[in-house]
Amino acid sequence: MAEEPGVGIPSRAERKASEKAKILQRENRCTGLGFKLMTCCYFQHVFVKYWYVIFFLCNLQVFDDADELKNKVRQLAVAVKQANHLVVYTGAGISTAASIPDYRGPNGVWTQLQKGRTVSSSDLSKAKPTLTHMCIRMLHKQNMVKHVVSQNCDGLHLRSGLPRNALSELHGNMFIEVCTFCSPVKEYVRLFDVTERTTLHRHGTGRRCDHCGSELRDTIVHFGERGTLEQPLNWKGAAEAAKMADVILCLGSSLKVLKKYACLWCMNRPVGKRPKLYIVNLQWTPKDDLAVLKIHGKCDDVMSLLMKELNFQIPVYDRMEDPIYSLATPLRPEEVNSHTREVIAPPDGRLDCSINPGGQAEEAPAVEGGWFGRGYSKGRKKKKKTA
């Protein structure tokens, strides 16, 4: 039987319609791409033209009034009481009360460098745990805080008496140096800042391991690096805490660093499975929209009100009972002059004779030391370019 003519062959009208649809699809794709490029260029133009306005707004500090602050803290207290696994994330903002500069505040390290100003490295031996550090210690003692994930290098959480297994110091601890050639890694806690000679990709402290003789290194994670040490960084503890968290309290952190750590930032989960996020910060953070509550107040003020709501007494830091004295490893006689940093001394002044409180180093440090080494180089480069 003969086939019917035209069966299975599209008509001329259908072919024209198909070609027209393809053309429209291509045009829409090009239009969409063009729109994206135009949008990108527009925002880039706006940023270049008004960068100082954007920078000012991002660093602008906002304060809640007294009544609003109390109301918000009451809401936070309810969340803390109801939490099954509360994890606290802390940033530089909790240590400003100890005269330690933050990074992005009005007088922060990065803010000063952005303005072309120089920032001097601080000797933090006289700093002591703040009211916020002591509140966190008490909340952990009361089994309300399960874990603390800190971005700070100042060692104040450890010195407050917070147990080490409940603490992850993601960027290291300025009082700890380690031998990575020993297995497991051998740790030395000192009574002085060990970062005097260290900077980006240069971690040697100049002292030697008393077991294998290898050069010790600091534990600091400088900008541009990734932390790999188990202690004091304790990535495993931080990751496990993040998985189990049902409430996260962020104190004094801009959250611009933590968001890059996928294993710690569990807010990327589906909405129904995310922990409740509470942020205490005077400045804007990129995660404000995800927060159940944003409190604009100083960390010490907020934590003081929170402890009243929870009916807990705030412990007072006692320098004589600072855990760092029992953890510290004395220097060997040949290492007495290996640093120029001031030593943390108890109030009665008693120190091991093998520790030199502020002796002169045999050799001057080859590089600008301390946590802000990377910041210094960035600031200098930017200043040269501007000039």
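Please read these numbers as outputs of a predicted model, since none were measured by experiment. Worth knowing before you read on, the calculation uses all heavy atoms, side chains too, and leaves out hydrogens, waters and symmetry mates.
Residues Leu76 and Ile295 meet the side-chain proximity criterion, which asks for heavy atoms closer than 4.5 Å. Counting only heavy atoms from C-beta outward, the side chains of Glu68 and Asn71 never approach each other to under 4.5 Å. Looking at Phe175 and Arg159, their side chains come closer than 4.5 Å, going by heavy atoms from C-beta outward. Inter-residue side-chain proximity for Leu310 and Met144 is flagged as met; some heavy-atom pair is nearer than 4.5 Å. Contact annotation: the side chain of Ser168 never approaches that of Ser150 to less than 4.5 Å [non-hydrogen atoms, C-beta and beyond]. At least one side-chain heavy atom of Leu170 sits less than 4.5 Å from a side-chain heavy atom of Trp235. Side-chain contact check for Asp246 versus Arg274: every heavy-atom pair is 4.5 Å or farther apart. Side-chain atoms of Leu249 and Leu277, non-hydrogen and from C-beta on, never get closer than 4.5 Å to each other.
Here the closest non-hydrogen pair linking Asn234 and Asn165 is ND2-O, 4.3 Å. Considering every non-hydrogen atom in both Gln313 and Met138, the closest pair reads O-CE, 3.4 Å. Heavy atoms only, all atoms of each residue included: Ala97 and Thr130 are closest at CB-CG2, 3.9 Å. Val87 and Ala245 get closest at one heavy-atom pair: CG2-CB, 3.7 Å. Taking both residues in full, the closest heavy atoms of Cys299 and Leu251 are given as SG-C, 4.0 Å, listed atom of the first, atom of the second, then distance. Across all non-hydrogen atoms, the minimal contact from Arg197 to Gly204 is CB-O, 4.0 Å.
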Chi angles and distances behind the side-chain hydrogen bond (donor to acceptor under 3.5 Å, both in side chains) call for Glu225, His171: CA-CA 10 Å; Glu225 298 178 341; His171 293 155; over 6 Å; no
Derivation of the side-chain contact (heavy atoms from CB on, under 4.5 Å) call for Val149 and Val88: CA-CA 6 Å; Val149 180; Val88 177; over 6 Å; no
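To the nearest 0.5 Å, the span separating OH on Tyr188 from CZ on Arg217 amounts to 14.5 Å. Ile279 contributes atom CD1, which lies 7.5 Å from atom CG of Leu290 (distance to the nearest 0.5 angstrom). Separating the OG1 atom in Thr340 from the CG atom in Asp193 is a distance of 9.5 Å, to the nearest 0.5 Å. Note that the CG atom of Leu167 and the CG atom of Leu233 stand 10.5 Å from one another [nearest 0.5 Å]. Rounding to the nearest 0.5 Å places NE2 of His133 at 13.0 Å from CZ of Arg137.
A salt bridge does not link Glu335 to Arg207: none of the charged nitrogens lies less than 4.0 Å from a carboxylate oxygen. Between Glu240 and Lys146, no side-chain nitrogen of the basic residue sits less than 4.0 Å from a carboxylate oxygen of the acidic one, so the salt-bridge criterion is not met. The pair Lys72-Asp64 counts as a salt bridge, with a side-chain nitrogen and a carboxylate oxygen less than 4.0 angstrom apart.
In this structure a side-chain-to-backbone donor-acceptor pair under 3.5 Å is missing from Asp322 to Arg319. Put simply, the side chain of Ser253 never gets that close to the backbone of Cys250: no donor and acceptor are under 3.5 Å apart.
Looking only at atom types and distance, the side chain of Ser95 has a donor-acceptor partner in the side chain of Asp154 under 3.5 Å away. In this structure, a donor-acceptor pair under 3.5 Å is absent between the side chains of Ser304 and Asp301. In the model, Thr132 has a side-chain atom that pairs as donor or acceptor with a side-chain atom of Asp300 under 3.5 Å. Asp218 and Thr205 share no donor-acceptor pair across their side chains, judged by distance under 3.5 Å alone. Of the N and O atoms on the side chains of His157 and Ser160, not one donor lies less than 3.5 Å from an acceptor on the other residue.
Other residues, nucleotides and ligands contribute over 12 non-hydrogen atoms within 6.0 Å of the OH atom of Tyr317. Within 6.0 Å of CG in Asp289 there are 12 or fewer heavy atoms belonging to other residues, nucleotides or ligands. At most 12 heavy atoms of other shown residues, nucleotides or ligands fall within 6.0 angstrom of atom NZ in Lys298. By the neighbour-count criterion of 12 heavy atoms within 6.0 Å, atom NE2 of His211 is sparsely surrounded, having that number or fewer from other residues, nucleotides or ligands.
In this structure, the ring of His85 has its center no less than 6.0 angstrom from the ring center of His147.
Each of Glu177, Glu342, Glu196 was evaluated against Arg190; a single residue qualifies, Glu177, per the salt bridge (Lys or Arg N to Asp or Glu O under 4.0 Å) test.
A cation-pi arrangement is not found for Lys276 relative to Tyr278, the charged atom failing to lie both closer than 6.0 Å to the ring centre and inside a 45° cone about the ring normal.
Using a 30° and 60° split on the angle between ring planes, Phe192 and His339 fall in the parallel class, below 30°.
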